[in-house]
S.K.: 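Sharing a structure, written as C-alpha cells. Questions coming.
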Amino acid sequence: MEEVVEGYFLKFKNSIWAVKGCYHPDGYAVAIPRLINGVKIKTLSLALDLAREKFGELFKYVKEIGFEVPLIPLNESEILSPFRVEIFDPIIVKFRNFFNNEIGVTGSYLYSGKGEDIDFLSFKSQHYLILRKLRLKGVTKPLIEVKESEVETLDYHDFKLLKSRRILEGLFENKEYTFKIVECENFGEVKEIRDFKGYVKIKKLIKPFSLPVKYLAVDESGNDYILTSFRIRFTEIPLDTILYINGKVLIRNNFKDIDLDIAKTVKLKISK
C-alpha cells in the first residue's frame with residue numbers, strides 16, 4: 001500500500017480527508033476532514049471539532065503525537081496521490097516545468113480537479129532554491145492580501161506580514177499558489193505535556209522552509225525549545241523573531257517541542 005504523508009488526501013465515508021504530518025500507525029493515516037457533504041472546512045480547529053462530532057469513534061491516542069487524533073483506516077479509503085493525479089491546467093503545467101515535473105499537485109485540484117488557488121507538494125529541499133530564483137526574477141510575486149477565513153492562531157497583522165514575505169506562497173500568472181516541501185523525520189514519543197505561556201526568541205533556523213519546520217528558540221529564563229509546525233503559516237519566520245506563545249510543550253526523549261499547530265495564540269515581534 002502506498003505510503004501517505006502530509007499533502008496526500010483520502011476519500012473516506014463520502015468525505016475528503018487531508019493527511020496530516022509524517023507519523024501514521026500501520027494501516028492508518030492521521031487525517032482531518034476537508035470536505036463534508038460538499039462543504040469545505042477551512043480551519044484546523046473547526047476540522048477537528050467536526051471530526052470529533054461526526055467521527056468520534058476514529059479518535060485514538062498516539063504516543064508519537066501526544067494526544068488523540070482521528071485515525072482513518074487505509075483499507076477503507078481511497079488514497080489520492082499528488083503525484084499520480086493528471087492535471088492539464090496550463091498554469092499548473094507551466095509551473096511544474098520549472099521543477100522538471102518532480103512536484104505533485106495537492107489541495108482542491110487533487111480531490112476535485114479545480115480550485116481558486118493551487119497547492120503543490122515536493123519532497124526535495126532544493127526546490128526552495130528554484131522558488132527563490134523565480135521570486136528574484138519576478139516570475140512569482142508576493143501575496144499582499146489575505147482572506148479573513150484563513151486567519152487562525154496568528155492575528156491578522158502577523159498572518160499578513162509573514163504571508164507577504166514568504167516564498168513558499170505567492171502569485172504565479174495571477175494565480176495564488178502554496179508550495180509544501182515535506183522532509184519527514186522521527187520526533188520520538190511524547191513523555192509529558194506541559195502548558196506554556198510566555199516569550200521565546202528564535203536563535204537558530206534549523207529547518208525553516210520544509211515541513212515539519214524546526215526553530216531553536218530560547219525563553220526569558222534561558223531555556224531552549226524546538227518550535228515545530230506542519231503548517232505553511234509558520235514557515236520562513238526570520239532569525240531573532242520574538243514570539244509570544246500560549247500553548248503546549250511536548251516533552252520528548254531528546255527535546256522540548258513547542259508545537260505551534262496546537263497553540264491557542266502565537267504573536268510575533270520581528271526585529272528585522
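Predicted model only: the values in this text are computed from it and were never measured.
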S.K.: What heavy-atom pair brings Gly104 and Phe83 nearest, and what distance separates the two atoms?
M.R.: N-CE2, 3.2 Å
S.K.: Taking side chain as C-beta onward, heavy atoms only, is Glu189 less than 4.5 Å from Arg252?
M.R.: no
S.K.: With distance as the sole test, does Glu6 use its side chain to make a donor-acceptor pair with the main-chain N or O of Val182 at under 3.5 Å?
M.R.: no
S.K.: Run the salt-bridge test on Asp195 and Lys248 with the 4.0 Å N-O cut-off and return the result as yes or no.
M.R.: yes
S.K.: Do the non-hydrogen side-chain atoms of Cys184 and Phe123 ever get within less than 4.5 Å of each other?
M.R.: no
S.K.: I want to know whether Tyr177 and Phe172 have ring centres closer than 6.0 Å.
M.R.: no
S.K.: For Phe179 and Phe99, I'd like to know if the aromatic rings sit close, meaning centre-to-centre distance below 6.0 Å.
M.R.: yes
S.K.: Please examine the side chains of Leu260 and Val213, heavy atoms only from C-beta on, and report whether any two atoms are closer than 4.5 Å.
M.R.: no
S.K.: Closer than 3.5 angstrom, by distance alone: can the side chain of Glu173 be matched with the main-chain N or O of Ile91 as a donor-acceptor pair?
M.R.: no
S.K.: Can you check whether Leu162 reaches Glu236 side chain to side chain, under 4.5 Å on heavy atoms?
M.R.: no
S.K.: Is the shortest side-chain heavy-atom distance between Arg231 and Leu44 below 4.5 Å?
M.R.: yes
S.K.: Against Val218, only a single residue in Val200, Asp224, Ile202 fulfils side-chain contact (heavy atoms from CB on, under 4.5 Å); can you say which?
M.R.: Asp224
S.K.: Can you tell me which residue among Val30, Val69, Val62 is in a side-chain contact (heavy atoms from CB on, under 4.5 Å) with Tyr23?
M.R.: Val62
S.K.: Just so I know, are the side chains of Leu50 and Ile32 near enough to count as touching, which here means a heavy-atom distance under 4.5 Å?
M.R.: no
S.K.: Supply the atom-to-atom distance Ile72 CD1 to Ile79 CD1, rounded to the nearest 0.5 angstrom.
M.R.: 12.0 Å
S.K.: Between the side chains of Glu68 and Lys60, is the shortest nitrogen-to-carboxylate-oxygen separation below 4.0 Å, so that they form an ion pair?
M.R.: no
S.K.: Side chains of Phe234 and Leu227: closer than 4.5 Å at any heavy-atom pair?
M.R.: no
S.K.: Among Ile130, Leu129, Leu136, Leu131, exactly one meets side-chain contact (heavy atoms from CB on, under 4.5 Å) together with Ile167. Which residue is that?
M.R.: Leu131
S.K.: Got a donor-acceptor contact below 3.5 angstrom from the Thr106 side chain to the Gly7 backbone?
M.R.: yes
S.K.: Does Lys207 reach the side chain of Pro212, with side-chain heavy atoms less than 4.5 Å apart?
M.R.: yes
S.K.: CZ of Phe196 to CG of Asn223: how many Å apart, nearest 0.5 Å?
M.R.: 8.5 Å
S.K.: Got a donor-acceptor contact below 3.5 angstrom from the Asp155 side chain to the His157 backbone?
M.R.: yes
S.K.: Please name the pair of heavy atoms, one in Asp219 and one in Ser221, separated by the smallest distance, quoted to 0.1 Å.
M.R.: OD1-N, 2.9 Å
S.K.: State whether the side chain of Arg135 and the backbone N or O of Arg166 hold a donor-acceptor pair below 3.5 Å, judged by distance alone.
M.R.: yes
S.K.: For residues Pro142 and Ser164, report the shortest heavy-atom separation together with the two atoms involved.
M.R.: CB-O, 3.2 Å
S.K.: Once you measure the plane-to-plane angle for Phe55 and Trp17, does it fall in the parallel (<30°), tilted (30-60°) or perpendicular (>60°) bin?
M.R.: perpendicular
S.K.: Cation-pi between Arg96 and Phe120: NZ/CZ under 6.0 Å from ring centre and within 45° of the ring axis?
M.R.: no
